[in-house]
Protein chains: 2
Amino acid sequence: MPTNRRRVTLKDVAARAGVSPMTASYAFTRPARVAADTRDRVHRAASELGYRPDAVGRALKSGRTHQIGVVFSEHLAYAFDDPQAAQFLAGVAEVCVEEGQGLTFIPTRGDAADAGRVLSAAVDGFVLWTTAQDDPVLAAVAGDPRPAVIQGGPPRQGIVCVTQDDYRAALAVASQGLREGRTPVVISFPLDRDRERMVTIGAELPSHAPFPVTDARLRGYRAAIEQAGLSWRSTPIAVVARNTQRDGVEAARDLAPQLTPDALIIAMSDELALGARQALLETHPEAAYLGWDASPAGRQLGITSVTNPLRDQGRRCARAALDPGRPGDQEIPWSIVSGGGACT
Amino acid sequence: MPTNRRRVTLKDVAARAGVSPMTASYAFTRPARVAADTRDRVHRAASELGYRPDAVGRALKSGRTHQIGVVFSEHLAYAFDDPQAAQFLAGVAEVCVEEGQGLTFIPTRGDAADAGRVLSAAVDGFVLWTTAQDDPVLAAVAGDPRPAVIQGGPPRQGIVCVTQDDYRAALAVASQGLREGRTPVVISFPLDRDRERMVTIGAELPSHAPFPVTDARLRGYRAAIEQAGLSWRSTPIAVVARNTQRDGVEAARDLAPQLTPDALIIAMSDELALGARQALLETHPEAAYLGWDASPAGRQLGITSVTNPLRDQGRRCARAALDPGRPGDQEIPWSIVSGGGACT
DNA sequence: CTGTTAGCGCTTTCAA
DNA sequence: TTGAAAGCGCTAACAG
């Protein structure tokens with residue numbers, strides 16, 4: 001039983017090196033402030049003892065945890081099922097590694113205690129993933145002095161926003177798809193936090209969806225459809241629970257009874273479009289598909305899509321969350337890609 | 001400027017409620033220990049002041065951070081590019097939510113400072129993703145008193161292991177694939193931590209790969225090939241850098257010159273097999289594919305695969321990391337799935 | 001049921 | 001260049 005189970009503390013190191021705890025501390029945090037031989041003695045003592053600085057003690061005194069807190073305002077595990085969320089996280093993670101910061105996921109479960117959990121987290125700043133207007137976590141974070149950044153909105157005083165102009169992009173991509181005179185149907189992200197799968201029509205839709213991204217895209221699709229002289233009110237709309245191919249398959253099955261052979265499937269993601277395509281390949285070989293995110297798989301299968309560089313947005317969010325200067329909102333440019341070419 | 005920027009502390013709450021800090025503390029942590037009206041007074045004072053318990057102060061005193069640390073012993077951002085890793089993380093996250101624990105990613109970049117970063121992290125236990133035998137992080141974590149669990153090995157004193165019997169599974173799946181008399185080639189995960197893409201043959205392979213999963217699967221494939229009366233030494237082997245479809249495409253292109261029309265592509269994941277299939281669909285329509293992980297997409301395209309429930313493994317790892325009792329190693333059962341049916 | 005004491009591990013401030 | 005004092009926010013252990 002060689003190892004001593006008690007934590008090795010800075011005081012132990014100082015004692016062994018024959019210096020005060022302060023000198024030992026400086027030997028690690030400000031090596032230049034300490035005489036070379038003293039510093040070496042401290043370092044030697046530390047490695048002999050197996051000393052590691054304790055992040056908690058350090059954080060308490062210094063007030064900085066060197067952690068970025070990431071919040072997905074719904075069940076945390078969903079974050080890993082959505083490939084777009086994964087891309088976003090990869091971007092956040094890249095910056096964390098570059099800046100020597102840790103990455104803490106703040107667990108949320110959609111209940112009333114979420115706001116408290118978020119505010120109590122031992123992090124220096126917050127990165128939030130798109131959420132609903134009325135999400136209480138938003139209000140909580142907005143009132144916290146730590147920097148906070150949100151991808152996809154909603155915009156809010158006290159929270160920096162990194163977004164695309166989803167309305168214009170949706171209008172543009174749908175308009176392009178409708179040029180061929182096809183009959184549109186829409187596959188939409190959830191309309192509320194219940195995430196209930198359903199089929200409806202434009203006329204039945206609430207005037208505003210609480211998720212700003214979903215809301216803006218729906219408005220864009222609507223404008224495109226009406227500008228094409230078609231009826232939004234009677235356009236079939238499938239609402240999915242999550243952004244997965246599986247949900248795209250289900251949505252397509254739900255829509256199938258109302259589908260014309262020349263249907264234009266307007267989906268809010270390539271993921272959903274790919275699922276729909278797979279479900280309809282045999283029954284509706286002439287259908288066309290619009291997606292979002294410009295995934296390689298989507299491009300390969302001829303899905304027209306909107307670029308949405310989420311990895312880059314993850315990077316921007318992380319950088320902003322690290323910057324106590326509260327930089328301004330950022331709008332990410334987009335373009336439409338179809339079958340290999342890009343325009344606008 | 002209404003809000004006071006100074007942090008609201010428990011002492012402030014106590015003062016306002018006219019009680020001692022200890023009573024205020026108990027009002028939050030052990031409500032039952034405090035008289036109902038006192039408790040209410042404290043809670044009211046807290047919400048009026050906007051008080052939130054500080055996780056750092058709490059952790060320092062109690063010695064528990066309520067955080068699980070997840071370590072991917074290479075550049076952190078890679079974790080989000082590998083769909084299998086994402087599944088694993090989803091499992092870990094589920095348990096964190098259930099148990100009210102936080103999830104901290106410990107940033108690593110594959111350099112010498114990783115071990116220190118890991119040990120200094122403010123977490124109560126560690127979950128590691130498969131790594132190499134000689135990874136210094138392993139030794140560091142094994143010597144730490146906090147519980148540690150690793151998915152995929154290597155096994156090590158002081159670290160709980162959650163694994164499959166990759167050797168037997170690889171032997172079984174390759175044997176089944178070789179029944180039809182096809183000529184095998186292998187697409188392998190990296191052989192070392194450099195992750196260099198290359199093509200080689202069995203004869204050139206080092207006798208042991210430092211990644212235990214890769215090593216066991218290669219040995220299984222080899223046994224199957226030799227049992228089928230074929231030459232392992234001359235079997236072409238493509239080594240990829242990462243587990244993505246894209247890498248599968250590249251591997252297939254690298255192997256193409258050596259491919260017979262009846263080739264059996266033995267890949268270490270469905271992801272790689274799907275990439276290879278896509279690359280070879282036109283030039284080698286008769287090829288057959290073996291994968292791993294039993295993904296829905298793989299099954300749909302007729303890839304024979306091994307089940308590898310990583311979400312479940314993530315759950316098991318998280319539970320074990322939370323349990324200071326250091327439960328024993330766990331072996332996950334597997335089965336082979338092909339074209340929709342499952343056997344053994 | 002409530003309060004006092006003490007101190008977790010570290011570092012800021014100031015003095016030597 | 002080094003050290004002493006003080007305390008970050010909280011809670012275990014014990015008294016009252």
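Letters go in sequence order (proteins before strands), and every chain restarts at 1. The model shown is predicted, which means the values in this text are computed figures rather than measured ones. Hydrogens, waters and symmetry mates are skipped; everything else that's a heavy atom, side chains included, is used.
- In this structure, B:Arg30 atom CZ and D:dC14 atom C1' are separated by 14 Å, rounded to whole Å.
- In this structure, B:Arg33 places its CZ atom 13 Å from P of D:dC14, rounding to the nearest Å.
- Distance, B:Arg64 CZ to D:dA12 C1': 15 Å, rounded to whole Å.
- Centroid-to-centroid, the aromatic rings of B:Phe72 and B:Phe88 stay 6.0 Å apart or farther.
- Between its opening and closing five pairs, the helix from C:dC1-D:dG16 to C:dA16-D:dT1 changes axis direction by 30°, a value rounded to 10 degrees.
- By the 6.0 Å and 45° rule, A:Arg146 does not stack over the aromatic ring of A:Phe126.
- Across all strands, B:Ser62 comes closer than 4.0 Å to no nucleic acid atom at all (heavy-atom distances).
- For the pair B:Asp54 CG and C:dC8 C1', the interatomic distance rounds to 14 Å; values are reported in whole Å.
- Within the 4.5 Å cutoff, the side chain of A:Val149 has no heavy atoms near those of the A:Ile159 side chain.
- Nearest nucleotide to the B:Thr9 side chain, out of D:dT11, D:dG9, D:dT2: D:dG9.
- Residue B:Thr38 has a polar side-chain atom (N or O) positioned under 4.0 Å from OP1 or OP2 of C:dT2.
- At whole-Å resolution of the value, CZ in B:Arg58 and P in D:dC8 are 18 Å apart.
- Nucleotide D:dC10 holds its P atom 13 Å from the NZ atom of B:Lys61, rounded to whole Å.
- Residues meeting the ring-ring contact (aromatic ring centres under 6.0 Å, His included) test with B:His43, sequence neighbours left out: B:Phe28.
- Along DNA chain D, the nucleotide nearest A:Met22 and the nucleotide nearest A:Ala32 are compared for position; the residue whose nucleotide lies closer to the 5' end is A:Ala32.
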Determine, stepwise, if the pair B:Thr163 / B:Ile332 fulfils side chain to side chain contact (heavy atoms under 4.5 Å, CB included). CA-CA 6 Å; B:Thr163 49; B:Ile332 307 297; over 6 Å; no
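- Dashed line: the shortest gap from a side-chain N or O of B:Ser25 to OP1 or OP2 of D:dC10 is not under 4.0 Å.
- Nearest-nucleotide positions on DNA chain C for B:Ala36 and B:Gly57 put B:Ala36 closer to the 5' end.
- Under 3.5 Å, the side chains of A:Thr65 and A:Asp124 contain a donor-acceptor pair of N or O atoms.
- When heavy atoms are screened at a 4.0 angstrom cut-off, B:Tyr51 is found touching the sugar-phosphate backbone but no base atom.
- The residue A:Val56 sits apart from the nucleic acid: no heavy atom pair falls under 4.0 Å.
- The 5' end of DNA chain D is approached more closely, in terms of each residue's nearest nucleotide, by B:Ala55 than by the other of B:Ala55 and B:Tyr26.
- In this structure, A:Ala14 and A:Ala24 approach most closely via the heavy-atom pair CB-CB, 4.0 Å.
- To the nearest angstrom, P of D:dG9 lies 15 Å from CZ of B:Phe28.
- Atom-to-atom distance recorded for B:Glu98:CD and B:Arg315:CZ is 4.0 Å, nearest 0.5 angstrom.
- Across the protein-nucleic acid pair, A:Leu10 atom CG and C:dC10 atom P stand 5 Å apart, rounded to whole Å.
- Distances shorter than 4.0 Å separate some side-chain N or O of B:Ser20 from OP1 or OP2 on C:dG3.
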